[in-house]
A.B. asks: 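Before anything else, here's the structure in question.
These numbers were taken from a predicted model, which means no experiment stands behind them. Only heavy atoms go into these numbers, but all of them, side chains included; no hydrogens, no water, no symmetry mates.
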Amino acid sequence: MRYLVITDIHANLEALDVVLADAAVRGYDRTLVLGDIVGYGPDPNAVIERVTGLQPYALVRGNHDKIAFGLDQAEGFNVSARAAAEWTLNALTPAHRDWLINLPKGPTVVDDCVEICHGSPYDEDEYIFDELDARRAIDSARQRLCLFGHTHVAMVFRLAGRSIGFVELTGTRIALDADAKYLVNPGSVGQPRDSDPRAAYAIFDAGTRQLEMYRLEYPIEHTQQKMVTAGLPEPLVRRLAAGR
Ligand code: ZN
């Protein structure tokens, strides 16, 4: 069983299409979507159509998807994020807004090895950046592999015995030990923030216990042009090229 893992697409159609084309070549059986399908980007409706077309095996909502409930969900957002949330709410078709409202809250158990969440398994809106965050998250995870998003930073934590640490992301493939627990963020499809502007995604092969982490170039200028035309905030346009 090969799982395609995508998160934080953020209405970036160009990035999503490049990811889906690459994943199709590599092959996968089931799609897992970890939330933040919309927000920031210029194509919320088209991206929702792509995602529903994939018929995801499991999918959880992100904090930006909750904007479909109303603008009060944007309370903790900064000025740009809030403006983008307002824009998104106006752009969404009624059917897509309903679809977002009905997205399930994580965490969701996928199989006897894998679970997914947006922020962390104990709180969908919590951020996991360091070992301390990871410790709390991994302790509350029900499965050996917990896939998360929200930070837009690709990272892998490994818990063996009581010791937790980062797994260095050097190559694209990581072999997961059967007796360790893992917390994995594939990185963001549509708005990476780890100083690498390329679209990020992962494939987990449950049969071989191999995790594959990929980064792909996509036509960023095209997305940026659409954002300018839509009147989305300038800082959001710039950050795509910076990858932060
Ligand atoms: Zn996000």
Side-chain angles (χ1 to χ4, degrees), residues 1-41 43-69 88 92-93 95-121 124-125 141-152 154 182-192 199-207 210-214 216 218:
M1 181 61 62
R2 285 170 64 79
Y3 291 106
L4 166 63
V5 189
I6 50 178
T7 187
D8 298 283
I9 304 163
H10 284 293
N12 186 333
L13 186 64
E14 288 72 31
L16 179 61
D17 278 346
V18 165
V19 163
L20 294 181
D22 191 69
V25 172
R26 298 186 188 281
Y28 62 92
D29 307 295
R30 290 174 174 172
T31 304
L32 308 177
V33 184
L34 317 186
D36 276 4
I37 293 146
V38 303
Y40 297 134
D43 284 304
N45 292 303
V47 163
I48 289 173
E49 271 158 36
R50 285 287 194 287
V51 169
T52 53
L54 294 169
Q55 297 183 287
Y57 184 72
L59 156 162
V60 293
R61 70 185 186 189
N63 50 318
H64 286 262
D65 301 321
K66 285 193 278 183
I67 203 68
F69 287 102
T88 302
L92 285 169
T93 67
H96 289 156
R97 187 173 170 179
D98 278 355
W99 182 81
L100 286 169
I101 284 171
N102 287 305
L103 287 179
K105 176 184 176 179
T108 297
V109 169
V110 174
D111 64 16
D112 57 6
C113 168
V114 181
E115 74 178 283
I116 64 170
C117 62
H118 183 61
S120 93
E124 61 178 345
D125 294 330
R142 282 170 291 176
Q143 305 298 8
R144 303 200 79 81
L145 173 58
C146 177
L147 302 163
F148 72 101
H150 199 35
T151 61
H152 300 207
Y182 291 88
L183 207 53
V184 173
N185 187 330
S188 166
V189 171
Q191 195 206 69
Y201 82 99
I203 289 175
F204 174 62
D205 191 316
Q210 289 249 357
L211 180 68
E212 305 163 25
M213 310 269 286
Y214 298 110
L216 300 166
Y218 73 94

A.B. asks: Do Val33 and Val51 come close enough that some side-chain heavy atom pair is under 4.5 Å?
C.D. replies: yes
A.B. asks: Nearest 0.5 angstrom please: Leu92 CG to Ile67 CD1, how far?
C.D. replies: 10.0 Å
A.B. asks: Applying salt bridge (charged side-chain N to carboxylate O under 4.0 Å, His left out) to Arg50 and Asp43, what does each step give before you reach the verdict?
C.D. replies: CA-CA 11 Å; Arg50 285 287 194 287; Asp43 284 304; over 6 Å; no
A.B. asks: For a quick test of reading the model, state the closest non-hydrogen atom pair linking Pro44 to Val38 and the distance between them.
C.D. replies: CB-CG1, 3.7 Å
A.B. asks: State whether Arg61 and Glu124 are salt-bridged, where the test is any N-O pair (Lys NZ or Arg NE/NH1/NH2 against Asp/Glu carboxylate O) under 4.0 Å.
C.D. replies: yes
A.B. asks: Tell me the closest heavy-atom pair linking Pro186 and Val5, and the distance in Å.
C.D. replies: CG-CG1, 3.9 Å
A.B. asks: Can a side-chain donor-acceptor contact be found between Asn185 and Thr7 if the only test is distance below 3.5 angstrom?
C.D. replies: no
A.B. asks: Closest heavy-atom contact between Ala68 and Ile101?
C.D. replies: O-CD1, 3.5 Å
A.B. asks: Using a 4.5 Å cut-off on heavy atoms from C-beta on, say whether the side chain of Glu212 contacts that of Phe204.
C.D. replies: no
A.B. asks: Locate the shortest heavy-atom distance separating Ala46 from Leu13; write the atom from each residue and the value.
C.D. replies: CB-CD2, 3.9 Å
A.B. asks: Does any donor atom in the side chain of Tyr3 or Asp205 lie under 3.5 Å from an acceptor atom in the other side chain?
C.D. replies: no
A.B. asks: Within the distance-only criterion (no hydrogens, no angle test), does the side chain of Asn45 pair as donor or acceptor with the backbone N or O of Thr93 below 3.5 angstrom?
C.D. replies: yes
A.B. asks: Quick one: does Glu115's side chain have a donor or acceptor within less than 3.5 Å of a partner on Gln143's backbone?
C.D. replies: yes
A.B. asks: Can you name the nearest heavy-atom pair linking Cys117 to Ser120, along with the distance?
C.D. replies: SG-C, 3.4 Å
A.B. asks: Under the criterion side-chain contact (heavy atoms from CB on, under 4.5 Å), I'd like the reasoning laid out for His150 against Asn63: C-alpha separation, chi angles, the key distance, then a yes or no.
C.D. replies: CA-CA 8 Å; His150 199 35; Asn63 50 318; 3.3 Å; yes
A.B. asks: Applying side-chain contact (heavy atoms from CB on, under 4.5 Å) to Trp99 and Ile48, what does each step give before you reach the verdict?
C.D. replies: CA-CA 9 Å; Trp99 182 81; Ile48 289 173; 3.6 Å; yes
A.B. asks: Is there a side-chain contact between Val184 and Cys146 in this structure, where contact means two heavy atoms from C-beta onward sitting under 4.5 Å apart?
C.D. replies: no
A.B. asks: How long is the gap from CG on Asp65 to CG on Leu100, to the nearest 0.5 Å?
C.D. replies: 5.5 Å
A.B. asks: For Thr52 and Leu54, run side-chain contact (heavy atoms from CB on, under 4.5 Å): C-alpha distance rounded to whole Å, both residues' side-chain angles, the deciding distance at 0.1 Å, then the answer.
C.D. replies: CA-CA 5 Å; Thr52 53; Leu54 294 169; over 6 Å; no
A.B. asks: Any chance you could lay out the side-chain contact (heavy atoms from CB on, under 4.5 Å) test for Leu4 and Asp29, step after step, and finish with the verdict?
C.D. replies: CA-CA 8 Å; Leu4 166 63; Asp29 307 295; over 6 Å; no
A.B. asks: Are Arg26 and Ile203 close enough that some pair of their side-chain heavy atoms sits under 4.5 Å apart?
C.D. replies: yes
A.B. asks: Would you call the rings of His10 and His64 parallel, tilted or perpendicular, taking 30° and 60° as the class edges?
C.D. replies: perpendicular
A.B. asks: For a quick test of reading the model, state the closest non-hydrogen atom pair linking Leu16 to Ile9 and the distance between them.
C.D. replies: CB-CG2, 4.0 Å
A.B. asks: Would you mind reporting whether Arg2 and Arg30 have side-chain heavy atoms less than 4.5 Å apart?
C.D. replies: no
A.B. asks: Do Pro192 and His152 come within less than 4.5 Å of each other through their side chains, counting heavy atoms only?
C.D. replies: no
A.B. asks: Could you check if a side-chain atom of Leu103 sits within less than 4.5 angstrom of a side-chain atom of Val60, using non-hydrogen atoms only?
C.D. replies: no
A.B. asks: Does a side chain donor of either Asp22 or Tyr201 reach within less than 3.5 Å of an acceptor in the other side chain?
C.D. replies: yes
A.B. asks: What I'd like to find out is whether the side chain of His118 reaches to under 4.5 Å of the side chain of Asp8, using heavy atoms alone.
C.D. replies: yes
A.B. asks: To the nearest 0.5 Å, how far apart are CG in Asp17 and CG in Asn12?
C.D. replies: 9.5 Å
